[in-house]
2 protein chains.
Amino acid sequence: MRRAAGGTATHGEPVTESAEAQSVGRMSQNATPTLEEVARAAGVSRATASRAINGLPYVSERAREQVARAVEVLGYRTNQVARSLATKRTGSIALVMSEPGNFVLSDPFFARVLRGIYSGLSGSQMQLVLLMNNEQDEEDGFARYLCGGHVDGALVVSLHGEDPLPGLLVDAGLPVVLGGRPLARVDAPYVDVDNFNGASSAARHLIDIGRRRVATIAGPEDMSVGMDRLSGWRRGMAGTGIATDAVEHGDFTMEGGAAAMRRLLRNHPDLDAVFAASDLMAVGAMQVLHAAGRRIPEEVAVVGFDNLDIAPTMSPPLTTVRQPIEEFGRTMTWRLLAQLEGETGLPPSIMLPTELVRRAST
Amino acid sequence: MRRAAGGTATHGEPVTESAEAQSVGRMSQNATPTLEEVARAAGVSRATASRAINGLPYVSERAREQVARAVEVLGYRTNQVARSLATKRTGSIALVMSEPGNFVLSDPFFARVLRGIYSGLSGSQMQLVLLMNNEQDEEDGFARYLCGGHVDGALVVSLHGEDPLPGLLVDAGLPVVLGGRPLARVDAPYVDVDNFNGASSAARHLIDIGRRRVATIAGPEDMSVGMDRLSGWRRGMAGTGIATDAVEHGDFTMEGGAAAMRRLLRNHPDLDAVFAASDLMAVGAMQVLHAAGRRIPEEVAVVGFDNLDIAPTMSPPLTTVRQPIEEFGRTMTWRLLAQLEGETGLPPSIMLPTELVRRAST
DNA sequence: CCGGGCCCTGGAAGCGCTTTCAGCGTACCC
DNA sequence: GGGTACGCTGAAAGCGCTTCCAGGGCCCGG
């Protein structure tokens with residue numbers, strides 16, 4: 001459409017091949033010039049022009065200069081689509097968020113993952129393309145886009161349940177790295193943080209400081225990160241003889257955490273500690289606890305998960321499980337790029353460590 | 001390898017083919033089949049297969065069925081890159097944020113813009129691709145990506161100063177719609193909200209309720225949205241004889257708003273009202289005012305801009321200038337899609353109305 | 001003087017798709 | 001019966017690029 005002028009011009013002439021030198025070809029200076037035109041202007045063949053532009057060897061200094069000048073004069077920019085078709089590489093990878101965009105956008109966790117990804121990308125000539133699930137949209141367009149050759153590979157984060165997407169991508173032969181262990185059986189490498197041990201140490205810590213009625217605000221039941229932190233918490237509680245029935249699920253948001261906390265207070269008014277599976281949920285929980293007049297940490301100790309920037313600024317500062325968020329993004333990126341480079345012997349999965357950070361909320 | 005595949009496909013050497021599939025095709029079953037192979041399997045020509053797949057007319061029911069079956073059996077998916085090269089359309093548009101990703105990601109304003117964009121996109125078969133500025137990265141890769149034919153058009157939001165990007169895109173013939181009036185002279189359509197009148201009405205409102213020392217926390221000086229709200233505020237103050245020297249700039253974030261508020265209190269301790277050019281900055285300002293012991297609205301009236309979801313939940317609930325955020329995104333999208341469809345007579349710019357929403361903070 | 005490198009070059013063959021165009025059979029209407 | 005219209009089809013010509021390959025200079029050692 002935007003090159004309609006060039007197209008019709010070419011078609012209008014009942015041209016044979018020999019009509020090439022027509023100034024008609026130049027007339028379309030509005031449309032992006034092609035390599036062909038650059039080559040002609042530089043007085044070389046398309047092959048040489050291509051080599052010159054791509055900095056390949058076996059191009060004389062003179063040819064190189066002439067091509068450079070022609071590129072400058074004509075304002076040439078290589079058509080990436082054509083290049084992709086010829087090379088079968090696009091120079092870009094996708095970050096797929098299986099989560100409604102507006103949800104992701106307000107989560108500081110993802111902002112930091114993204115920063116890590118960009119940092120892992122720097123130096124490579126790769127462009128990052130973000131794809132988010134439109135709320136009501138079937139994610140079919142996604143798979144079509146990704147498998148259609150638009151990108152060289154994909155990072156998929158925030159998987160829910162048995163999301164078929166990774167399977168589709170893998171089947172299509174697209175290199176994929178998952179952020180977080182998938183719940184479904186998928187033959188794709190993933191990077192994860194040690195949610196289990198992190199949650200376990202959080203629970204132990206609460207026991208160690210003498211709490212005897214420990215609740216948890218768990219993550220979604222359809223995400224491994226939610227389930228792993230829940231089982232980690234159970235593991236931490238195991239053998240203490242303390243009940244582990246005070247469990248409510250949230251969706252990792254503040255509101256979700258607040259709602260879960262309200263349910264916990266109603267069902268288990270005697271609780272003296274709560275482990276929230278994300279800092280954001282801990283924020284919501286603490287607001288509810290404050291509103292309910294429970295003092296933190298005297299009456300209720302609170303532990304979060306993530307160690308977001310807000311954790312130390314809360315009142316009281318939040319004890320939480322630190323996870324290396326930027327590192328998480330960076331590692332996924334590294335893993336994908338390495339795979340794209342054809343490196344072999346890459347680990348099928350990578351686990352990043354977590355660590356309890358004690359502050360005043362416990 | 002290419003040659004081998006072609007050979008076996010042509011004359012169906014079952015032995016060789018299956019052996020090859022067993023040994024090599026393990027990781028990505030077979031290379032994705034091409035339209036050629038589908039056509040052969042369906043017993044039709046490539047042209048007919050293409051028509052069948054794209055739902056074009058002039059295909060017999062029988063052919064259609066056979067192609068569908070072949071697609072199913074072979075697991076064919078059309079190569080979008082090849083299709084793009086042939087059609088010069090990609091079926092996707094970009095949303096470009098001239099802002100470090102982690103910044104954008106934590107701003108609820110963008111989340112809502114995004115929602116609006118998706119809503120404007122629904123029904124069209126377009127994919128949205130997000131591009132954000134990596135912090136330290138030169139945005140050259142951006143322009144290359146966008147002009148390289150990866151997308152059919154671009155929405156560009158959050159422009160700063162004389163950002164050359166829109167100009168580059170327009171020069172390359174890429175349809176572009178800007179979100180917010182550009183400061184530089186760019187020949188691209190834009191959608192904007194009526195920042196000027198919104199800010200003006202905010203100032204007037206503060207005058208109307210009897211304030212006589214009205215300050216403002218303005219937005220960045222290199223963004224039109226910042227400047228327009230500042231001049232709107234000045235306009236609202238004009239003719240009242242009240243000084244308009246109490247101006248500090250922030251970056252639309254809470255922290256920026258808080259810092260600006262501190263500066264205002266230091267330089268103009270007698271202020272009795274403040275107009276913050278964004279709700280987020282108003283939040284920061286109110287925190288500082290609370291901390292400084294100034295009562296809102298008795299001692300200092302506060303007006304924001306945006307009418308984010310948090311505005312009514314603040315204490316006191318924030319008087320603010322409502323802008324139709326989702327509508328903003330939706331309109332940009334509509335404008336771009338219309339342009340892509342070749343509609344003519346489209347307005348070069350569209351202005352959306354704003355409106356003061358009075359709450360308890362004034 | 002000749003054979004064998006080494007540079008550099010252009011012709012040409014794709015990459016996988018769409019779309020034009022000419023052609024064919026069938027049906028329909030004078 | 002011939003003309004026209006219509007539905008369907010496949011050959012072929014691209015889209016703009018990369019890359020293989022053969023070949024032509026040139027310099028070298030023999």
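Values in this document were obtained by computation on a predicted structure and should not be read as measured data. Every chain is numbered from 1, with letters handed out A, B, ... down the list of sequences.
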**Prompt:** Is there a donor-acceptor pair closer than 3.5 Å between any side-chain N or O of A/Ser84 and the backbone N or O of A/Arg89?
**Reply:** yes
**Asked** Would you find more than 12 non-hydrogen atoms of other residues, nucleotides or ligands less than 6.0 Å from A/Glu343 atom CD?
**Response** yes
**Asked** So, B/Thr48 side chain and B/Val44 main chain: donor-acceptor pair closer than 3.5 Å or not?
**Response** no
**Message:** Let's see if you get this right: which residues in residues 47-63 of chain B place a heavy atom under 4.0 Å from DNA chain C?
**Reply:** B/Ala47, B/Ser50, B/Arg51, B/Asn54
**Request:** Rounded off to whole Å, could you give me the CD-to-C1' distance for the B/Glu36 and C/dC15 pair?
**Result:** 13 Å
**Item:** Inter-residue atom distance B/Leu336.CG - B/Leu346.CG, 0.5 Å rounding
**Value:** 10.5 Å
**Request:** Could you tell me whether the phosphate oxygens of C/dG10, OP1 or OP2, come under 4.0 Å of any side-chain nitrogen or oxygen in A/Ser45?
**Result:** yes
**Asked** Does the B/Ser158 side chain pair with the main chain of B/Met97, one donor and one acceptor, at a distance under 3.5 Å?
**Response** no
**Message:** With a 6.0 Å cut-off (strictly less than), is the heavy-atom count around CG of A/Asn54, excluding the residue itself, greater than 12?
**Reply:** yes
**Request:** Starting at atom CZ of A/Arg40, determine the distance to atom P of D/dG16, rounded to an integer number of angstrom.
**Result:** 12 Å
**Message:** Tell me if a side-chain donor or acceptor on B/Asp152 pairs with a main-chain N or O of B/Gly91 at a distance below 3.5 Å.
**Reply:** yes
**Item:** Atom pair distance, as rounded to whole Å: CZ in A/Arg46 and P in C/dA13
**Value:** 12 Å
**Request:** Could you give me the CA-CA distance, side-chain angles and deciding distance for B/Val156 and B/Val177, then say whether side-chain contact (heavy atoms from CB on, under 4.5 Å) is met?
**Result:** CA-CA 6 Å; B/Val156 181; B/Val177 173; over 6 Å; no
**Message:** Taking B/Pro347's backbone N and O only, do any of them form a donor-acceptor pair with B/Arg335's side chain (distance below 3.5 Å, no angle check)?
**Reply:** yes
**Item:** Donor-acceptor under 3.5 Å (B/Ser50 side chain, B/Arg46 main chain)
**Value:** no
**Request:** Write down the distance between CG (B/Leu35) and C1' (D/dC15), rounded to a whole number of angstrom.
**Result:** 15 Å
**Interface with DNA chain C, restricted to residues 80-90 of chain A and to heavy atoms under 4.0 Å** = A/Leu85, A/Ala86, A/Lys88
Grab the N/O contacts between the protein and nucleotides 23-27 of chain D below 3.5 Å, and write none if there aren't any.
none

**Prompt:** Quick check: does any side chain N or O of A/Tyr118 sit under 3.5 Å from a backbone N or O of B/Met132, one acting as donor and the other as acceptor?
**Reply:** yes
